[in-house]
Amino acid sequence: MTYLDKASLKVVGTRPVRPDGVDKVIGRAAFGADMTMPGMLWGKIKRSPHAHARIVSIKTDKAKALPGVKAVMTSADFAEIPSEEAFVGEGPMNFRDLSYNCMARGKVLYDGHAVAAVAATSPAIAEEALDLIEVQYEVLPYVIDVEDAMKPDAPVLHDDLFTQGVDPKPAKPSNIAKRITFAKGDMPTGWKEAEVTIERRYTSQPVHQAYIEPHACVVSVGADDQCTVFSSSQGQFMVRAYCAKLLGIDIANIRAIPAEIGGGFGGKTLVYLEPVALALSKKSGRPVKIVMSREEVFRGTGPAAGGVYEVKIGAKKDGRIVAAELLVKLQAGAFPGSPVGPACMCGFAMYDIPHVSIVGYDVVSNRPKVAAYRAPGAPNSTFGVESCMDELARELKIEPMRLREINAAKDGTKAAHGPTWANIGYQQTLDAARASGHLDIPLGPNQGRGIASGFWFNIGGESAAAVHINEDGTASVVEGNPDIGGSRASMAMMAAEVLGLPYEQVRPIVGDTSQAGYCFLTGGSRVTFATGMAVTQAAEKVVVELKKRAAMIWDISPEAVEWKDGKAYPAGPNAGSFEPLSIPEIALKAGRTGGPIAAEVSINAQGAGPGFATHICDVEVDRETGHVKILRYTAVQDVGRAIHPSYVEGQIQGGVTQGVGWALNEEYVYDKQGCLDNPGFLDYRVPVASDLPMIDAIMVEVPNPRHPFGAKGVGEVPIVPPMAAVANAVADAIGIRMRDLPISPPKLRAALDDEAPPRLAAE
C-alpha cells in the first residue's frame, strides 16, 4: 500500500512536537554519562604520547597496588583475533583492526592510541593509577600526510598490509591499503572530443564530527556472565556484535541499551570504550563506567578523512562536458578503511558525462582511525569536482548554475559507479535554486557568490519494528534504531497515519537488543526509509487485525469491513448497518476476540532513493584579517517526501553548518613529533550560532515510489556541497582560488599578500 497522494495525508507532512523535546530541554534526558549502577567503578584509559612506537614493555604492578584500584588491563586481556572483515557498522570493519584500535598490541600507531586501562573506586584514584603504569617505548619514524604515506620510502605501519586492487599483488607491504576504480565510456575518445580541458588539484584536512556529547558507557558483567552495556552509540546491535567478537562472548549474553545521543553524525558507529569497560568489569566483578574527556575524543576517536583530489574535466565550448577524471587519495588513519569508495561514487554523480574514469586510494598514516561523518567521503571528492566545475564555468564564461543545468543527470542517466537513475530530483533542485531569488540579490565590494551541488546514494538495510495496541486504544511503536535525526517522530507519524490515530496517541520507543528485533545501525540516512517501512508494514498488519476483530464483534466477514480515519466501518449496505467501531472500542473487547493486538515486521529494505542538493552561498571577505563571513545561504534539496518538515529543515541547516566549518576553520593540527596540537574546542574552531545567518532550506519533493510515503534519506546530502560552495564564493569575492581547505584567516591573508603589490616603506 502507498500513501503517495499528499492531499489525503493527515499526519505525515505536519510539524508536531518532537517526542524527545521536552526531556532534552529541561535536562531530564539520560545520556551516556548519566547512568549509574550500584557498586560502580570508574574506568580511565592510558594513551600513547607518540605517533608511532614499538611497545617494549608495560609494567602495571604499581598501579595494581594502589588502594582503590580494582582492575588493570592491557591488550593481553583481549583475545587474539584473525584478520577478517564484516559489515556490521557503517563501512566494512576488520575485527582485528578494531581490537587493536581499542587497545594497542605490539605497536602504538597514533598519538592518543589506548595502551592500558584501570578501574578504581573514584576518578581521581583511576587517574593516579594511570600515572603509575610504566610503558617503555621504542619510538619509530611516523608519517602524517597522505601523499607522504604513499611514498616508497615512507615508514610502514603494518608489515602485513599489501595493496588490494592492483595486479599483480605487491610482494612488499606499504601504506596503500587498496586501489579502486570506476569507469564509463572511453577516455581517449572523450579527451579527443573536448574543446576545453582543465586540470586542478585540491586538498582538505581531517575534521572531527565534534558532537557535543563525548563517548561514554556503563557496563556490568554479572556473576552468571550476563553482560549489560549502556552507552552512547548509533546502534546497540553494532555495540553488541563488536563487543561479543572482541571478547569472545556469545551475542545472547550481551544486552546493549542505547542512551539518548548527544550527537553522532557517523562518529558513533564504532566502539572505543565498551569492550575495554567489559574487560575491566569482568576482572573486577563490578560495574564500570568510562567517560571520555574532550581531549580524548579528539585524540582517540575517528575524524573524517582528509585527502587530495585531482580533477580533470573536458568540455565543448557550449558547456557540454564530454570527459572527466578524478583521482582521490584519502587518509584512513592508523588502520585501513577510509570512505574512498563513496568518495569515488559521489564525485561526478550529479552529471551526465559520457566518458568518466575514477581512481581512489585508501591510505594509512599515523593518525586516529577515521570514522564516518555524514555522507562519508562525498564532501571530499565533491569539494574537488565542484570547485573544478566553477573554474571551468569561469574559463568558458558560462554562468556556474547554467553549466550545471546543461550537464544535469536526469531519470535514465547512467552514473559512472553503475546505477541508472530513476525518480531523481537533481534538475528540480537547480530549478528551485534559480526560482529562489537568491541569484538576483546584488553583491557589494569583497562579496562573492558560490554555487555547488552534491549527491549521496542513501541506503536501506535490515530493520525490525513492532506496533502494539494498548488496552485503552493508544499505540506503542518499538524499533531498534537510536534517534539521531528525528526518527522517533517520523515513526510515530507514519504509524499514526496508517492506524488513523492522532500523533499524540502513538508512543515511539527505541528498544534495546533484548526488546527489539535486529536493526542495522543508524547511519547512511536509512532509518526513516528502512525502519519506517517496517513500522508502516507492522501498522498495516495491525489494521488487518483490527478489521478482523470488528468483524467478530459484528459477526460478519472481515472482507465486509473497511478501515478509515481510525475506525472500522461496514463496507457498504450489504455488510449490515453497524455503528463504526473505534480503536479504543475494539481494544476494550480484545480479550474476548483473540487476545492482544500487535504485529511485528522484519525486513531487509531495498530501493533507497538517492539524494541531490544544490547550494548557493554568499560571503564577504575582510581583506585586513582574512576572515570570511557567510552573508546568505540557500540550500535546496530533493527530500523525497518530508515526513516531519521541521526536522528535515533542521537536518539541512545542521549539515550546512558543519560543511561551513570544514570549509573555513576546522582541521587537525600536528606538531613536529606527530602529536595533535589542538584537541579541544578552544583551538579547534567549529561554527557557532553567531557565525551564521539563518540558512534557508528549500525542500523539493520528488517522492521515492519504493517507500510507502515516498521518503528518501535527508541527513547526508546537506554536508556535501558547502565546502565547494564556500570556496567558490571566496574565489568570486577576491579573485583568488583557495584549493586547500580550510580557508582559515592566516591562509587567506597569505594568499592576499602574495597577490598584493609590494608596499613601500613610506606607506
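Computed from heavy atoms alone, side chains included, the values below leave out hydrogens, waters and symmetry copies. Positions are given from 1 along the sequence.
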Chemist: Using 0.5 Å steps for rounding, measure from the CG atom of L247 to the CG atom of L278.
Modeler: 5.5 Å
Chemist: Within a strict 4.5 Å, meaning less than it, do heavy atoms of the S174 and F162 side chains meet?
Modeler: no
Chemist: Using a distance-only test with no angle check, is there a side-chain donor-acceptor pair under 3.5 angstrom linking R18 and Y647?
Modeler: yes
Chemist: Indicate yes or no: at least one non-hydrogen side-chain atom of S231 is less than 4.5 angstrom from one of P258.
Modeler: no
Chemist: Evaluate the side-chain proximity of I45 to V276: yes if any heavy-atom separation is below 4.5 Å, no if none is.
Modeler: yes
Chemist: Is there a side-chain contact between M35 and M40 in this structure, where contact means two heavy atoms from C-beta onward sitting under 4.5 Å apart?
Modeler: no
Chemist: Do E479 and T531 get their side chains close enough for a donor-acceptor pair, meaning under 3.5 Å?
Modeler: no
Chemist: Any non-hydrogen side-chain atom of E84 less than 4.5 Å from a side-chain atom of N94?
Modeler: no
Chemist: Does this structure show an ion pair linking R685 with D691, if we count only N-O contacts that are shorter than 4.0 Å?
Modeler: yes
Chemist: Do the side chain of H52 and the main chain of P141 share a donor and acceptor less than 3.5 angstrom apart?
Modeler: yes
Chemist: Are the side chain of K70 and the backbone of V118 linked by a donor-acceptor contact shorter than 3.5 Å?
Modeler: no
Chemist: Do side-chain atoms of R105 reach the backbone of S75 as a donor and acceptor pair under 3.5 angstrom?
Modeler: yes
Chemist: side-chain contact (heavy atoms from CB on, under 4.5 Å) with A343: which residues, sequence neighbours excluded?
Modeler: V328, L330, S381
Chemist: Supply the atom-to-atom distance S233 OG to E274 CD, rounded to the nearest 0.5 angstrom.
Modeler: 6.5 Å
Chemist: Look only at the side chain of E213 and the backbone of G263, and say whether a donor-acceptor pair between them is shorter than 3.5 Å.
Modeler: no
Chemist: State whether the side chain of T74 and the backbone N or O of A116 hold a donor-acceptor pair below 3.5 Å, judged by distance alone.
Modeler: no
Chemist: Could you walk me through whether F31 and I261 pass the side-chain contact (heavy atoms from CB on, under 4.5 Å) test, one step at a time?
Modeler: CA-CA 6 Å; F31 292 93; I261 185 166; 5.7 Å; no
Chemist: Can you tell me which residue pairs pass the salt bridge (charged side-chain N to carboxylate O under 4.0 Å, His left out) test with a partner in residues 32-59, sequence neighbours excluded?
Modeler: K44-E127, R47-E296, R54-E138
Chemist: Within the distance-only criterion (no hydrogens, no angle test), does the side chain of E260 pair as donor or acceptor with the backbone N or O of D23 below 3.5 angstrom?
Modeler: no
Chemist: What orientation do F298 and Y684 show, parallel under 30°, tilted 30 to 60°, or perpendicular over 60°?
Modeler: tilted
Chemist: Could you tell me the separation between the CG atom of N253 and the SG atom of C243, rounded to the nearest 0.5 Å?
Modeler: 13.0 Å
Chemist: Could you walk me through whether W662 and Y373 satisfy the side-chain contact (heavy atoms from CB on, under 4.5 Å) test, starting with their C-alpha distance in whole Å, then the side-chain angles of each, then the deciding distance to 0.1 Å, before giving a yes or no?
Modeler: CA-CA 11 Å; W662 200 331; Y373 182 9; 4.0 Å; yes
Chemist: Check this for me, if you would: do K747 and D740 make a salt bridge, where the nitrogen-to-carboxylate-oxygen distance has to be below 4.0 angstrom?
Modeler: yes
Chemist: Would you please test D61 and K64 for salt bridge (Lys or Arg N to Asp or Glu O under 4.0 Å) and show each step?
Modeler: CA-CA 5 Å; D61 308 355; K64 284 176 182 163; 5.3 Å; no
Chemist: Has R374 got a side-chain atom pairing as donor or acceptor with G715's backbone, closer than 3.5 angstrom?
Modeler: yes
Chemist: Assess the side chains of Y110 and N101: does a donor N or O sit below 3.5 Å from an acceptor N or O?
Modeler: yes
Chemist: Could you tell me the separation between the CG atom of N665 and the CD1 atom of I743, rounded to the nearest 0.5 Å?
Modeler: 10.0 Å
Chemist: Are the side chain of D512 and the backbone of A256 linked by a donor-acceptor contact shorter than 3.5 Å?
Modeler: no
Chemist: Pair T513, Q236 - check side-chain hydrogen bond (donor to acceptor under 3.5 Å, both in side chains), show working.
Modeler: CA-CA 6 Å; T513 55; Q236 61 277 35; over 6 Å; no
Chemist: With a 3.5 Å distance limit and no angle check, can you tell me whether K329 reaches the backbone of M150 through a side-chain donor-acceptor pair?
Modeler: no
Chemist: Between N175 and L161, does a side-chain contact (heavy atoms from CB on, under 4.5 Å) hold up when you go through it step by step?
Modeler: CA-CA 7 Å; N175 294 322; L161 186 62; 5.5 Å; no
Chemist: Assess the residue pair T121 and L41 against the criterion (side-chain contact (heavy atoms from CB on, under 4.5 Å)); give the C-alpha distance rounded to whole Å, side-chain angles, the decisive distance to 0.1 Å, and a yes or no.
Modeler: CA-CA 5 Å; T121 50; L41 302 173; 4.0 Å; yes
Chemist: Rounded to the nearest 0.5 Å, how far does CD of E147 lie from OH of Y361?
Modeler: 11.5 Å
Chemist: Evaluate the criterion side-chain hydrogen bond (donor to acceptor under 3.5 Å, both in side chains) for residue pair N481 and S487; output intermediate values, then yes/no.
Modeler: CA-CA 8 Å; N481 281 109; S487 55; over 6 Å; no
Chemist: Quick one, Q234 with T269, criterion side-chain hydrogen bond (donor to acceptor under 3.5 Å, both in side chains). Give me CA distance, side-chain angles, the key distance, then yes/no.
Modeler: CA-CA 5 Å; Q234 288 179 233; T269 55; 5.4 Å; no
Chemist: Give the minimum heavy-atom separation between P336 and A177, together with the two atoms involved.
Modeler: CB-CB, 3.6 Å
Chemist: Within the supplied structure, the quantity of interest is the number of heavy atoms (other residues, nucleotides, ligands) at a distance under 6.0 Å from R294 CZ; does it exceed 12?
Modeler: yes
Chemist: Using atom types as modelled and distance alone, determine if a side-chain donor or acceptor of R526 lies under 3.5 Å from a backbone N or O of F520.
Modeler: yes
Chemist: Do R255 and Q226 get their side chains close enough for a donor-acceptor pair, meaning under 3.5 Å?
Modeler: no
Chemist: Let me know which of V135, I55, D111, V108 forms a side chain to side chain contact (heavy atoms under 4.5 Å, CB included) with S48.
Modeler: V108
Chemist: Check the pair D160, R96 against salt bridge (Lys or Arg N to Asp or Glu O under 4.0 Å), reporting the backbone distance first and the verdict last.
Modeler: CA-CA 12 Å; D160 59 350; R96 189 188 63 180; 2.8 Å; yes
Chemist: For R286, what residues pass the salt bridge (Lys or Arg N to Asp or Glu O under 4.0 Å) criterion, not counting sequence neighbours?
Modeler: none
Chemist: State, with a plain yes or no, whether a side-chain heavy atom of D683 is found less than 4.5 Å away from one of D677.
Modeler: no
Chemist: Sequence neighbours left out, what passes side-chain contact (heavy atoms from CB on, under 4.5 Å) with Q164? Give chain and number order.
Modeler: K178
Chemist: For D77, enumerate each residue passing the salt bridge (Lys or Arg N to Asp or Glu O under 4.0 Å) test, keeping only those at least two apart in sequence or located in another chain.
Modeler: K283
Chemist: Which residues satisfy the side-chain contact (heavy atoms from CB on, under 4.5 Å) test with T301, sequence neighbours excluded?
Modeler: H208, Y211, H215, Y272, M292, V297
Chemist: Between Q205 and E666, is any pair of side-chain heavy atoms under 4.5 Å apart?
Modeler: no
Chemist: Could you tell me whether the side chains of S281 and S220 share a donor-acceptor contact shorter than 3.5 Å?
Modeler: no
Chemist: Could you give the distance from CG (N366) to CD (Q331), rounded to the nearest 0.5 Å?
Modeler: 11.0 Å
Chemist: Can H158 and F335 be said to form a ring-ring contact (aromatic ring centres under 6.0 Å, His included), step by step?
Modeler: CA-CA 9 Å; H158 305 280; F335 299 95; 5.4 Å; yes
Chemist: Would you say I58 and I133 make side-chain contact, with heavy atoms under 4.5 Å?
Modeler: yes
Chemist: To check you understand the geometry: which heavy-atom pair defines the closest contact between L692 and P687, and what is its length?
Modeler: CD1-CB, 4.2 Å
